[in-house]
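Data first, discussion second: the structure below is written as structure tokens.
FYI, side chains are in, hydrogens and waters are out, and symmetry mates aren't considered; it's all heavy atoms of this structure. Here, residue 1 is the first one in the sequence, and each next residue gets the next number.
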Amino acid sequence: MSVEIDGDAESGAPIWAAFGDLMSVLVGVFVLILVGVIGVQLQLSNQLGEEVKQRRLEAQRRKTLEQALAVPLAAGRVTLIDGRIGISGSVLFALNSEHLQPEGRELLKTLAGPLSEYLQSRDEILMVSGFTDDRQVRDGNRQFADNWELSARRALTVTRTLIAEGVPASSVFAAAFGSEQPVSSNAQEEGRAKNRRVEIAPIPKPSKAT
């Protein structure tokens with residue numbers, strides 16, 4: 001009888017030892033999972049905090065830009081639609097001219113600082129687009145070949161002025177649309193005046209070739 005009991009005890013010992021090892025492994029795995037979850041939560045918390053910070057900065061930059069536009073917006077000299085700043089051509093240039101008027105130069109000076117601030121930490125650049133009405137400039141002005149050239153040179157004038165006032169040259173470029181993309185009918189002078197404009201719009205930076 002005694003021999004049989006000792007045999008059972010000896011056979012049970014390895015089972016309890018294996019069970020203890022298994023529990024140790026499970027506890028270790030649980031601890032590793034817990035540490036991993038805590039690490040992920042901390043990482044997500046840090047990312048969320050950084051995102052909130054970036055959104056606040058962007059909101060502040062946008063507010064600064066809107067404040068700079070408040071007076072010209074109220075006066076009807078500029079528009080702000082979907083983030084695109086539209087500036088009336090009559091504010092910037094005389095008819096069929098590429099040279100800035102004093103009022104237009106002062107307006108661009110007030111915009112250069114807020115635009116530069118707006119671009120900070122953003123993966124965007126500014127596209128300065130020139131637009132004209134549908135009347136051919138060659139009818140009364142031999143200085144430009146056509147509306148494409150007039151809109152291009154006006155866009156370049158605005159671009160160079162912004163750069164001269166502090167906007168980084170790597171963050172702004174000029175584009176010409178001529179009489180394309182009108183915002184109003186060219187049948188009446190009021191509509192043609194609206195189509196003669198320059199727009200400043202942020203767009204994503206082109207991806208670098210790898």
Side-chain angles (χ1 to χ4, degrees), residues 54-98 100-135 147-163 165-206:
Q54 289 299 322
R55 288 186 178 182
R56 287 177 178 173
L57 289 175
E58 289 182 10
Q60 181 60 44
R61 284 192 289 266
R62 192 177 300 111
K63 182 179 179 181
T64 301
L65 182 59
E66 291 174 353
Q67 288 175 342
L69 288 170
V71 173
L73 276 171
R77 293 183 297 168
V78 303
T79 59
L80 183 61
I81 302 174
D82 296 331
R84 302 193 315 273
I85 302 170
I87 307 176
S88 172
S90 61
V91 172
L92 295 172
F93 307 99
L95 190 63
N96 288 337
S97 173
E98 63 175 306
L100 280 175
Q101 300 187 119
E103 181 185 12
R105 186 174 297 278
E106 288 302 315
L107 177 60
L108 293 178
K109 284 182 179 181
T110 64
L111 292 179
L115 285 172
S116 299
E117 190 174 338
Y118 176 82
L119 289 172
Q120 290 178 7
S121 303
R122 297 180 68 92
D123 197 27
E124 295 177 336
I125 56 178
L126 296 177
M127 179 172 70
V128 179
S129 304
F131 303 85
T132 67
D133 59 28
D134 64 346
R135 290 192 171 182
N147 281 324
W148 288 101
E149 183 176 351
L150 174 59
S151 65
R153 289 169 69 169
R154 285 183 168 182
L156 281 171
T157 297
V158 172
T159 299
R160 287 167 175 157
T161 301
L162 291 175
I163 293 172
E165 295 299 328
V167 176
S170 59
S171 298
V172 60
F173 71 99
F177 289 86
S179 60
E180 305 299 325
Q181 311 299 325
V183 294
S184 187
S185 171
N186 281 300
Q188 302 294 331
E189 173 55 32
E190 183 180 355
R192 290 194 295 271
K194 291 180 180 179
N195 292 331
R196 297 191 296 268
R197 70 195 190 279
V198 171
E199 290 185 358
I200 304 173
I203 64 171
K205 286 183 179 179

Atom pairs and distances, donor-acceptor, side-chain atoms in residues 197-206, under 3.5 Å, two or more places apart:
from   : atom 1 : to     : atom 2 : distance (Å)
Arg197 : NE     : Glu199 : OE2    : 3.1
Arg197 : NH1    : Asn195 : O      : 3.2
Arg197 : NH2    : Gln181 : O      : 2.8
Glu199 : OE1    : Arg84  : NE     : 3.4

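With sequence neighbours left out, Leu73 forms a side chain to side chain contact (heavy atoms under 4.5 Å, CB included) with Leu69, Val78, Leu80. Take Ala70 and apply the side chain to side chain contact (heavy atoms under 4.5 Å, CB included) test, not counting sequence neighbours, and it matches no residue. For Gln188, the side chain to side chain contact (heavy atoms under 4.5 Å, CB included) criterion is met by no residue, not counting sequence neighbours. Annotation: side chain to side chain contact (heavy atoms under 4.5 Å, CB included) contacts of Ser171 (sequence neighbours excluded): Leu119, Pro168. For Glu190, the salt bridge (Lys or Arg N to Asp or Glu O under 4.0 Å) test picks out no residue, with sequence neighbours left out. With sequence neighbours excluded, the residues satisfying salt bridge (Lys or Arg N to Asp or Glu O under 4.0 Å) with Glu106 are Lys109. With sequence neighbours left out, the salt bridge (Lys or Arg N to Asp or Glu O under 4.0 Å) criterion links Glu165 to no other residue. Contacts of Arg153 classified as salt bridge (Lys or Arg N to Asp or Glu O under 4.0 Å), with partners at least two apart in sequence or in another chain: Glu98, Glu149. Looking at residues two or more places apart in sequence or on another chain, you find a side-chain hydrogen bond (donor to acceptor under 3.5 Å, both in side chains) between Ser90 and Ser88.
Legend: ring-ring contact (aromatic ring centres under 6.0 Å, His included) pairs involving residues 178-206, not counting sequence neighbours: none detected. For the salt bridge (charged side-chain N to carboxylate O under 4.0 Å, His left out) condition, no pair includes a residue of residues 166-176, sequence neighbours left out.
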